[in-house]
Structure formats: C-alpha cells, structure tokens
Amino acid sequence: MINITFPDGSVKQFEAGITPLAIAESISPRLAQDVLAASVNDKEWDLSRPINEDASLKLFKWDDPEGKHAFWHSSAHLLAEALQELYPGVKFGIGPAIENGFYYDIDPAGHNITSADFPAIEKKMLELARRKEAIVRADITKADALKMFGDRGEEYKCELISELEDGTITTYTQGAFTDLCRGPHIPTTAPIKAAKIMSLAGAYWRGDEKRNQLVRVYGITFPKQKMLDEYLALLEEAKKRDHRKLGKEMELFAFSANVGAGLPLWLPKGAALRDRLEQFLRKIQKQYGYQQVITPHIGNKNLYVTSGHYAKYGKDSFQPIHTPEEGEEYLLKPMNCPHHCEIFRAFPRSYRELPLRLAEFGTVYRYEQSGELHGLTRVRGFTQDDAHIFCAPDQIKDEFLKVMDIIFYIFKALKFDNFEAQISLRDPNNKEKYIGSDENWHLAEQAIIEACEEKGLKARKELGEAAFYGPKLDFMVKDAIGRRWQLGTIQVDYNLPERFQLEYTGADNQKHRPVMIHRAPFGSMERFVAVLLEHTAGKFPLWLAPDQAVILPISEKFNDYAYEVARQLSAADVRVIVDDRNEKIGRKIRDNEMRRIPYMLIVGEKEAENGEISVRKQGEGDKGTMKIATFAQNLAEEVNNSINQ
RNA sequence: GCCGCAAUAGCUCAGUCGGUAGAGCAUUUCAUUCGUAACGAAAAGGUCGUGGGUUCGAGUCCCACUCGCGGCUCCA
C-alpha cells in the first residue's frame, strides 16, 4: 500500500501501482470523467501512469492550466496523426500546447497545404478522436528511438533525440501515430470533441533563421462544440477592439504608403490624446525631480560610433544622411541616450547633482524588419517617454523604487491591472556576452530584485534576457487577442557611461563613473496608445477622451442654444462638440454612442427655457436634467477622481 | 528579412466560366424640425494597389513591385 496526499492535506491509502485516473474514479465517477492530467510530487504525470510509492497528487481538470495543457498537447498529436494520414510522407518537427491551443511544425514534403484544407484536417482529427484510441506512454532507449524515427525518415525528431540523454526518452502512441514526447497526455483522444485549425505560418526549425522553414499549423480543440463556438465568438469580439480598426474609426491616427511603412500620422484627435498623456506624465515626473530636455532628431554618425550602436546595428538601420561636406554623415537617432550622455558631459558634474534625471519625449527612428511592422505597436518612427537617470551605484535601488512608483501610478490611473513584470538577468554561463564587472552586475541585479520585493511586485526572472549593457525590469501588457507587448521598461546601463567616459566628482574629490538608468513608463507613446485602445475598447477614461461631451439639439431650432451651451462648457475646460446635423434625436444618439463620447447632452425646448441640459452617459443612458454649470462641475470632479483615484 | 494569405467606392464587402463594375453604410441635395440607439427620396462617388505579360478581350489568369494581414526571426 502507498500513501497518497491530496492538495487539501488529506491522505488516503491505495495499492501500489494505482493510476491517478483510478484514484479519481475512487473519489467520484464525475471527477474521473472531468480529470485531464495530474501531477505527482509536483511532476507532470499521465493519468494512466502508475504510482508506485508514497506521493502527493494533484488532479487537473479543464479549468486548470495543466488540464488544458495536456488536452491541447494531446490534440497536437491528434493533429499530427491526421496530417500523417492526409499527407503521407510529411515529417514532423515539434508540436506543443500553447496559451490558446497548440501547433505542430511540419515539413510538408512536397504537399501544398492551404487554408482550403482546414475543414478536411478538422474532420480527420475528429474522426480519429472518435476511435477513442488510448494514448500510450513507452520508455525507449536512445538507440531504439534513433532507429525507429530514422527508419521513418524523421530527420527532425532524430536531431532532437540525438541531444537527449539515454534513459530519459519516452514516446507516446495513439493509433498509428507515435511521437517522441515527454508528456503528459490525456488517457485517450475521446474527450476531443471539437477541433478548429486556425492558421498556417512559416516557422524556422528550432527558431533559427538560417535553417529550414517548416509549416506551422495552428489549431485549437475543446471538449464541447459549444466551447469552440464561444471561443470563436470571443475572438470576433476581440477583433473589434483592434487598435488599428479603432484608431481609424476614432480618427486618432493613419498610415500612408506615400509617407512610408511604419510611420504613423497622428490626426488631430490622436495628437490631442497623446498630448494629454504627455502632460500627465510630465506633471508626475516634475514631482519626482525630472528635468525636461530636448535634443535633435539626428546626430553625427560619430556619436553612435562612440555609443557602440553603429557597430552593432548600423547595417540594419536607416542609412546615414550625407551632407554637402565630404565625408560628413548624420544618423536619424535610434535612441535618445547618446544625446543625453552629451548633456551630462556638457558640464563638470558633482555628486551633489546626482541623481540627475533627464527626461525627453524623444522621437526615434529604427528600421524594423518589414515583416515586423504592426499597427502602432511596432513602427519605424516613434516617441519614447524617455528619461535617463545618472546616479551613483548605491543609488540604483532607490531610483528603481521611484521609477516603479511612477509606473504603478500610471497603470493605476489607466486601470492596467493585469500587467506582467519580468526581470531580465544575465546568463551566468555566458558572461562574455555582457559588458561591465561582475561586481556591478551583481549590485544592479540585486537592486532590481530587492526593489521588486519591496514593492511586492511578482516578477518573472529570466536568465539570459538582459541587454548586453545591463539588467532590466520590463512591464508587459496583452493586446486584444492575447499578444504580449512590452510597455514600461527600466534598464541599468554600465556601457554608455564607460563609452562616453562620463564622470562626476565625488565627496572624496575623486572622479567617479556614474551608472545610467534608462526608463520609459509608457514605453512609447505609439505602443501605449495602441494597448490603451485595446484595453478600453476605445472608451477612454474621461480625462483622456478626445471629446468629453457632445451636445445634441433636438432639432435645428435649438442649434443656437446648443452652441451657447458649448461656449459655456468650453469656458469651463470641457472638451465639447455640437452635433448640429439635421437628424432626428434617435439617430444622433445612436451615432454618438458609437463614437464612444462619454457624455451626450440633449437640448430642446425645455432645456433652452431653463438654461439646462439633459445628460446621457455613453453606454448607460439617460441621467436626467441639470444646470450647465452643475454638469461642468460634476465633470471636473469626475476627471479629478479618475486621475487621482 | 523568411513562409503563407490578401488588395474592388471614404468604410464593410459581393462580383459565377475571362466578355467591360455592384450592395449596405458614410457623403451631397431635397423633404422633414422631430425628446433618448438607424425617417424618407434622389444624386454623386471606381484607371478594380502599381507596373509588365498572356488574350480578340483581364477586376478575374501569369510575373514583379508596393502596401497590408497571420506567424517566424528580430526588437538599441
């Protein structure tokens, strides 16, 4: 007999060799039906894999990430089985579960697979699933594995096997399909009741652009058709929140092929919105001791040779601008830091000036690869809400804490509550990739980790993700369809102070090298507005909304009164417009609801007589009648509350 | 940059087998002067992304380019 400990701490005895599925059955038939995966002593475990000794057991259902993961991982195998039947000779790369569904990378071996084939693939998957084949785990020696997959011509699998350690290799088989796999899987394919192939894409084998490009088939499956329908409906909804669509509808920004790919044009409403965001940040930064600076959009090539950026990125960037002067070259600035370093160098600096915080809404130009451009989130010309803090090494942590305060304040004011934080650290096994002393790295990494702990911020630590010049803390937010975008960033830099030979005189009357912190709470104005649009579905907080209120006269007879109301509200700093079209009130309400203007102010005979307005809130309906001044006052209060919580 | 897919009116889209361009919304005009989510009528709007090719004839077939979309790679 063995003791099995459950998550609630209770312990039950079972025969040695019992499976998690059998244990689930002993608890309840319903649980046995719903359970998809298990963990034994916190190790992933198949439901049908025997447990031979005392262990702690967790059972996972659909609602657990681990349950979905096993379900989708098995679905990837099912997809492979279907592809193997439909396209004989295809070779398989890898096929993992992902956040929403799964994919399989295949070498189509001459077959031409297109989206027209999706229904046939889906049909085949479900047909195979209905056979309710068991998914069977087997241990295999390295030699046998190499022979087995080698005989089938599975070169990609053989490459993977050759890197595995003998004795740790397992395969999973369902029906006629056997895959190299670590597991875990669901016991049979039976629960897979709905399947959808989502898209095809190219993907380099092992993520290496120098190697073969495979076809990546993305799919998703569910235990119920209804769940698939709901998922697809959700995706449709998400598409409506796409910032590219909203930006056009709301007249915030546009692109023009004549101006160039990835070069956004900010329209009047968008520019005003961006300006409001800038003012908001400027105000906070002022409180935190930042000083605004302004630097040119171009810089002499030598500046970037000094910074090291030219050597590293010069070839892949916008190429130098030539002047009438022989040999003179300028670059569009790809970042603001070198300019700010020169500001630091403009005077002899004392430790008394530190931390010196130089801020600039600096527009930079980077030649992003054409395939990478994406709406406002990835562009070739954008404005960073940049600042560089020059400080002494022992001030890093304190400065980090202050920057985090600013970022949290912003995220709170804009209701970004489900952001993710990532601490990017040096790869300790590959130190030569990085510049700076061990001591400085340790100091900076510790400062970041401690700052996060002090703020109670749960941040994922990623080794090897640091920039070559220092560790960083990034804030990530998801867009409408779940893609992650980096917004705020705080980075420690030992490189530039070194390269620009920055120094200050310390209290000891000796020269010292400052440390630089790069930070951008929004990341860039472009990306931030994009993510903000998708988060709010275009319904901006009142203080940001391009138009805060629209006045709707009942008929043209009341247009004069409407403009009088507009005059008074404008005088009270309300951003207000008048919808003076010759349309019925129902039509005006509908149109303006769709324009997402927070308040609609309806004026007709009654209101004109009493100097009042009828207030309607977007998405909520009629709020009753009030004096113009009362509305202005309420609005001002609401704006205040939304910024300061 | 790579793989795949697309590009038709301001927007969303239809256009069959290659035979000379269509709808809804938006716009303009007329009518209406209206009380909380779409009143009605009419008009105007297109070198079918650009350039080449095949063909008696190309929105439709082929090639290149541009822009865009989904991924991959990249992201100072």
Side-chain angles (χ1 to χ4, degrees), chain A residues 98 103 105 108 112-116 198-218 239 242 244-245 248-249 251 254-262 304 307-314 316-317 333-338 364-375 377-380 382 384 467-469 472 481 483 485-486 489 491 493 495-496 518 523-524 527 552-559 581-594 600-607 614-625:
Chain A
I98 52 177
Y103 67 77
D105 283 348
N112 183 25
I113 303 172
T114 71
S115 52
M198 302 301 291
S199 65
L200 295 175
Y204 299 108
W205 170 235
R206 314 204 81 177
D208 184 344
E209 65 180 321
K210 289 182 189 67
R211 305 197 62 178
N212 260 357
Q213 195 158 35
L214 304 180
V215 176
R216 180 166 294 178
V217 185
Y218 283 90
K239 277 190 199 150
D242 190 312
R244 294 166 294 192
K245 183 177 156 66
K248 189 183 257 182
E249 280 175 19
E251 297 175 16
F255 288 91
S256 153
N258 291 327
V259 175
Y304 304 101
S307 73
H309 292 109
Y310 185 77
K312 204 165 158 67
Y313 299 102
D316 305 318
S317 290
K333 74 173 164 185
M335 78 292 300
N336 303 300
C337 1
V364 298
Y365 299 90
R366 301 178 183 179
Y367 192 78
E368 304 290 0
Q369 296 187 78
S370 59
E372 262 312 323
L373 301 174
H374 182 98
T377 47
R378 193 79 185 269
V379 288
R380 285 179 172 163
F382 58 96
Q384 296 178 307
F468 71 93
Y469 50 77
K472 56 182 182 164
I481 64 169
R483 283 179 293 225
W485 294 100
Q486 180 198 307
T489 182
Q491 311 183 358
D493 188 346
N495 178 38
L496 288 181
H518 308 247
S524 78
R527 187 176 284 178
L552 312 182
I554 293 284
S555 79
E556 287 183 329
K557 283 195 291 191
F558 307 104
N559 280 359
R581 291 176 305 162
N582 177 12
E583 294 287 353
K584 285 175 70 170
I585 194 66
R587 173 56 182 275
K588 290 190 191 181
I589 286 169
R590 181 185 154 78
D591 288 350
N592 286 292
E593 283 281 348
M594 309 243 278
M600 275 160 270
L601 310 176
I602 293 153
V603 296
E605 195 173 355
K606 278 184 303 189
E607 291 81 3
S614 282
V615 178
R616 188 189 158 95
K617 193 161 187 181
Q618 202 267 351
E620 293 181 24
D622 199 353
K623 295 285 176 192
T625 303

What is the separation between atom [atom1] on [X] and atom [atom2] on [N], rounded to the nearest whole Å?
{"X": "Asn582(A)", "N": "U27(B)", "atom1": "CG", "atom2": "P", "value": "12 Å"}
{"X": "Tyr218(A)", "N": "G4(B)", "atom1": "OH", "atom2": "P", "value": "16 Å"}
{"X": "Lys606(A)", "N": "U33(B)", "atom1": "NZ", "atom2": "C1'", "value": "17 Å"}

Check whether Tyr365(A) forms a cation-pi arrangement with Arg380(A) (NZ or CZ under 6.0 Å from the six-membered ring centre, at most 45° off the ring normal).
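Judged by the rule (NZ or CZ under 6.0 Å from the ring centre, within 45° of its axis), Arg380(A) is not positioned above Tyr365(A).
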P atoms of C2(B) and U66(B), separation to the nearest Å:
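Here C2(B) and U66(B) have their P atoms 10 Å from each other.
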Tell me which nucleotide, if any, is Watson-Crick or G-U wobble paired with [N] when both distances must be under 3.5 Å.
{"N": "C2(B)", "answer": "G71(B)"}
{"N": "A7(B)", "answer": "U66(B)"}
{"N": "G22(B)", "answer": "C13(B)"}
{"N": "A44(B)", "answer": "none"}

Counting only N and O atoms by type, is there a donor-acceptor contact under 3.5 Å from the side chain of Arg527(A) to the main-chain atoms of Gln486(A)?
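Yes; judged by distance alone, with no hydrogens or angles, the pair exists.
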Pairing residues for Asp591(A) by the side-chain contact (heavy atoms from CB on, under 4.5 Å) criterion, not counting sequence neighbours
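So Asp591(A) forms a side-chain contact (heavy atoms from CB on, under 4.5 Å) with Arg581(A), Arg587(A).
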Does any part of the side chain of Leu496(A), heavy atoms only, come nearer than 4.5 Å to the side chain of Ser307(A), both counted from C-beta?
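Ser307(A) reaches Leu496(A) side chain to side chain.
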Between Gln384(A) and Thr625(A), just flag the one whose closest nucleotide in RNA chain B comes earlier from the 5' side.
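Looking at the nearest nucleotide for each, Thr625(A) comes out on the 5' side.
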